[in-house]
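The structure under discussion appears below in the form of structure tokens.
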Amino acid sequence: MKIAMASDHGGFELKNAIKAHLIERGFEIDDLGTNSEESVNYPEFGKKCAEYVASGKAPLGIVCCGTGIGIGIAANKVHGIRCAELVTPFMAEMAKKHNHANMVSLGGRILSIEEGIKLVDIWLDTEEEHGRHDVRVAMLDEM
Ligand code: RB5
């Protein structure tokens, strides 16, 4: 499966570590930048990754910035994107089960590399729950 990824400078190291881990797991990664620790603007990279996912070029996306907040806000401005910030294992599980999150955001300055990788693995390995959750997710997608 293909996964789109992007970060600003604050999430650059975490993005690269998650990317290497996912390639090892057999995923195909489309890395949309940034490509160094030089300061860049997170809205540009959140938007770029979210538009990539919304257009169907990849079914899932992962974005990283310093806190995971700004780049996730940017991603959620794109119609069709449900981007959840991952901070705890429970959030990673619920983001998929209940919210059918097609993108996640993580903070390179709040998570260790190991924590970030663990959260992404939980999100990827959890199945969506349907029924009442489909109704709520459809309401999100209508907004
Ligand atoms: C960049 O310094 C920082 O503001 C950014 O990475 C992120 O934390 C924004 O939400």
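Here, residue 1 is the first one in the sequence, and each next residue gets the next number. This is a predicted model, so every value here is computed, not measured. Atoms within a ligand are numbered from 1 in the order they appear, just like the ligands themselves. The figures that follow rest on heavy atoms only: side chains count, while hydrogens, waters and symmetry mates do not.
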Run the side-chain donor-acceptor check on residues 135-143: report pairs under 3.5 Å with partners two or more places apart or on a different chain.
unit_1	atom_1	unit_2	atom_2	d
Asp141	OD1	Arg82	NH1	2.9
Asp141	OD2	Arg82	NH1	2.9

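A salt bridge links Lys19 with Asp31: the closest approach of a Lys/Arg side-chain nitrogen to an acidic carboxylate oxygen falls below 4.0 angstrom. Asp121 has a carboxylate O that lies under 4.0 Å from a charged side-chain N of Arg25, or vice versa, which qualifies the two as a salt bridge. For Glu51 and Lys47, the salt-bridge test passes: some basic side-chain N is under 4.0 Å from an acidic carboxylate O.
Put simply, the side chain of Asp134 reaches to within 4.5 Å of the side chain of His100, judged on heavy atoms.
Sorted by chain and number, the residues within 4.0 Å of ligand 1 by heavy atom are Asp8, His9, Tyr42, Cys65, Gly66, Thr67, Gly70, Arg109.
Contact detail for Ala101 and Ala84: the closest heavy-atom pair is CB-CB, 4.0 Å.
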